[in-house]
Amino acid sequence: MPYVLKQYDVSKGEKVENFLVDVVKLPEPLAHKILQKGRVVDHKKRRLQKGQTLKEGYIEVFIFEAITKGLTPLFQTEHFAIFDKPFGLLVHPTTLSTDYTLLDEIRYQFGDEGSLVHRIDAETSGLVLVSKNGYAQYVLSEMFDKKAFVKQYKALVEKEIKEDILVDKSIGPSNGLIKLKMQTSPDGKESSTLIRPISYNKDTSQTLVEAIPYTGRQHQIRVHLDSIGHRIVGDPIYGLDESFVDDFLNDQISKMERTKITGASRLMLHAYYLEFTFLKNTYIFCSKQAFG
């Protein structure tokens, strides 16, 4: 389990953030981060905050200890690495009890400076860019903010799509019961996705498409495809009754029932292409995973 609870005896009078750096040996930014997230408590389980002076006794600290399951980068340089993430793998822990995630491999292989440059959903497979040091994290993150990357996805969707479609609809939080969901909304943030049909299967009435997001909103491709009547096959959240979605999110839906209702045992969305220029070199990556 990545998060381990460790206990440390303390000396009266030291500030908690100094103790985390001097005794626990955490980098200063990490010490401040875990204090902010409530991962440091005193012997009475009271949350400690930056600036508090320690009293006699002990403190408990939730520390991330990376593990490996042998997932290696598709490609790497001294500054960054590309992972070809399988579907079902979270990119980072969502709770203290979360098991293995992609962040485990990143920190196990590259140390505490290793970091995600961008994220994809657990059920989305494909390419994820990772920085190996603070310089690369800053530069690559800025590039993502400036949309200096070409990202292309493949998706299997319901019904036939015969020609290219540019979906230009703003996206904002859903006003329904499922707070995780997003929706197209005139009050949302500007969002644009190009959909290109690749092949159509008459027997299943499904189309394999290429999706190129020009913006980077949460669930953008899923929301845009559902908004034009072409829900992604296997999507357990969009285009379905909210009672089913609620049961799914609360782990009350079996794999068999999920497949029957959604059309597949996984979200049929794959990040297969990534292109960018870094330090005057242009890099083009394609996923090696079979899809569609």
Side-chain angles (χ1 to χ4, degrees), residues 87 91 116-129 141-201 204-246 248-249 261-264 266-276 287 291-292:
F87 81 89
V91 294
L116 292 155
V117 176
H118 69 117
R119 301 173 182 181
I120 59 178
D121 296 335
E123 289 203 352
T124 303
S125 52
L127 302 177
V128 179
L129 178 61
S141 295
E142 284 284 300
M143 288 169 58
F144 256 98
D145 289 342
K146 294 176 181 177
K147 304 177 181 62
F149 287 79
V150 177
K151 296 184 291 180
Q152 296 177 5
Y153 292 73
K154 287 182 180 178
L156 187 65
V157 304
E158 296 177 340
K159 297 181 284 191
E160 183 177 14
I161 296 179
K162 295 182 178 180
E163 55 189 13
D164 292 2
I165 302 172
L166 179 63
V167 186
D168 197 5
K169 299 180 180 182
S170 298
I171 291 177
S174 171
N175 54 15
L177 298 175
I178 308 300
K179 301 306 178 185
L180 175 70
K181 289 180 67 174
M182 307 295 286
Q183 65 180 15
T184 56
S185 166
D187 299 324
K189 294 182 178 180
E190 180 183 342
S191 307
S192 183
T193 309
L194 178 62
I195 307 299
R196 288 176 170 161
I198 298 173
S199 62
Y200 174 64
N201 186 323
T204 60
S205 189
Q206 295 172 348
T207 306
L208 180 65
V209 302
E210 178 183 73
I212 304 174
Y214 296 128
T215 49
R217 309 304 176 204
Q218 181 178 332
H219 295 176
Q220 177 174 317
I221 296 173
R222 299 164 72 176
V223 173
H224 274 170
L225 280 164
D226 182 53
S227 76
I228 60 172
H230 295 281
R231 188 183 69 90
I232 297 178
V233 175
D235 194 331
I237 295 178
Y238 291 96
L240 300 172
D241 185 84
E242 288 202 332
S243 62
F244 171 86
V245 177
D246 186 55
F248 173 81
L249 293 174
I261 298 295
T262 71
R266 60 157 290 189
L267 175 70
M268 295 302 290
L269 180 63
H270 182 62
Y272 84 97
Y273 182 94
L274 184 64
E275 178 182 340
F276 60 94
S287 169
F291 182 83

Listed once per pair and sorted, the salt bridge (Lys or Arg N to Asp or Glu O under 4.0 Å) pairs that draw on residues 149-161, sequence neighbours left out
Glu158-Arg231

Tell me, please, which residues at least two apart from Phe149 pass ring pair (Phe, Tyr, Trp, His ring centres under 6.0 Å).
Phe144, Phe276

For Phe291, which residues count as a ring pair (Phe, Tyr, Trp, His ring centres under 6.0 Å) partner, sequence neighbours excluded?
His270

Among residues at least two apart in sequence or on other chains, which ones pass side-chain contact (heavy atoms from CB on, under 4.5 Å) with [X]?
X: Ala264; value: Val233, Met268
X: Glu123; value: Pro236, Phe248, Arg258, Leu267
X: Leu249; value: Ile178, Leu180, Ile237, Val245
X: Tyr273; value: Val150, Gln152, Glu275, Ile284, Cys286

Inter- and intrachain pairs under side chain to side chain donor-acceptor pair (under 3.5 Å), touching residues 211-226, at least two apart
Asp121-Arg222, Thr193-Gln220, Thr193-His224, Thr215-Gln220, His219-Tyr238, Arg222-Asp235

Residue pairs passing the side chain to side chain donor-acceptor pair (under 3.5 Å) test where at least one lies in residues 163-185, sequence neighbours excluded:
Lys169-Ser227

Between Arg119 and Ala122, is there a donor-acceptor pair closer than 3.5 Å when you use the side chain of the first and the backbone of the second?
no

Show the numbers, then the answer: is there a side chain to side chain contact (heavy atoms under 4.5 Å, CB included) between Tyr272 and Glu210?
CA-CA 10 Å; Tyr272 84 97; Glu210 178 183 73; 2.5 Å; yes

Dump the intermediate steps for side chain to side chain contact (heavy atoms under 4.5 Å, CB included) on Ile232 and Leu156, then the final yes or no.
CA-CA 6 Å; Ile232 297 178; Leu156 187 65; 5.8 Å; no

Please identify each residue that fulfils side chain to side chain donor-acceptor pair (under 3.5 Å) with Ser243, with sequence neighbours left out.
Asp241

Test of understanding: with side chain to side chain donor-acceptor pair (under 3.5 Å), list the residues that count as partners of Asp145, not counting sequence neighbours.
none

Can you name the nearest heavy-atom pair linking [X] to [Y], along with the distance?
X: Arg266; Y: Ser125; result: NH2-OG, 3.0 Å
X: Ser192; Y: Leu166; result: OG-CD1, 3.4 Å
X: Pro197; Y: Thr207; result: CB-CG2, 4.2 Å
X: Leu225; Y: Ala155; result: CD1-CB, 4.3 Å

Check salt bridge (charged side-chain N to carboxylate O under 4.0 Å, His left out) between Glu190 and all other residues, then give those that pass, not counting sequence neighbours.
none

Any chance you could lay out the side chain to side chain contact (heavy atoms under 4.5 Å, CB included) test for Ile171 and Lys189, step after step, and finish with the verdict?
CA-CA 5 Å; Ile171 291 177; Lys189 294 182 178 180; 6.0 Å; no

Rounded to the nearest 0.5 Å, what separation is found between the CD1 atom of Ile165 and the CD1 atom of Ile195?
7.5 Å

Measure the spacing between CD1 of Ile120 and CG of Leu129 and express it to the nearest 0.5 Å.
11.5 Å

Mind running side chain to side chain contact (heavy atoms under 4.5 Å, CB included) on Arg196 and Ile198 for me, showing each step along the way?
CA-CA 6 Å; Arg196 288 176 170 161; Ile198 298 173; 5.9 Å; no

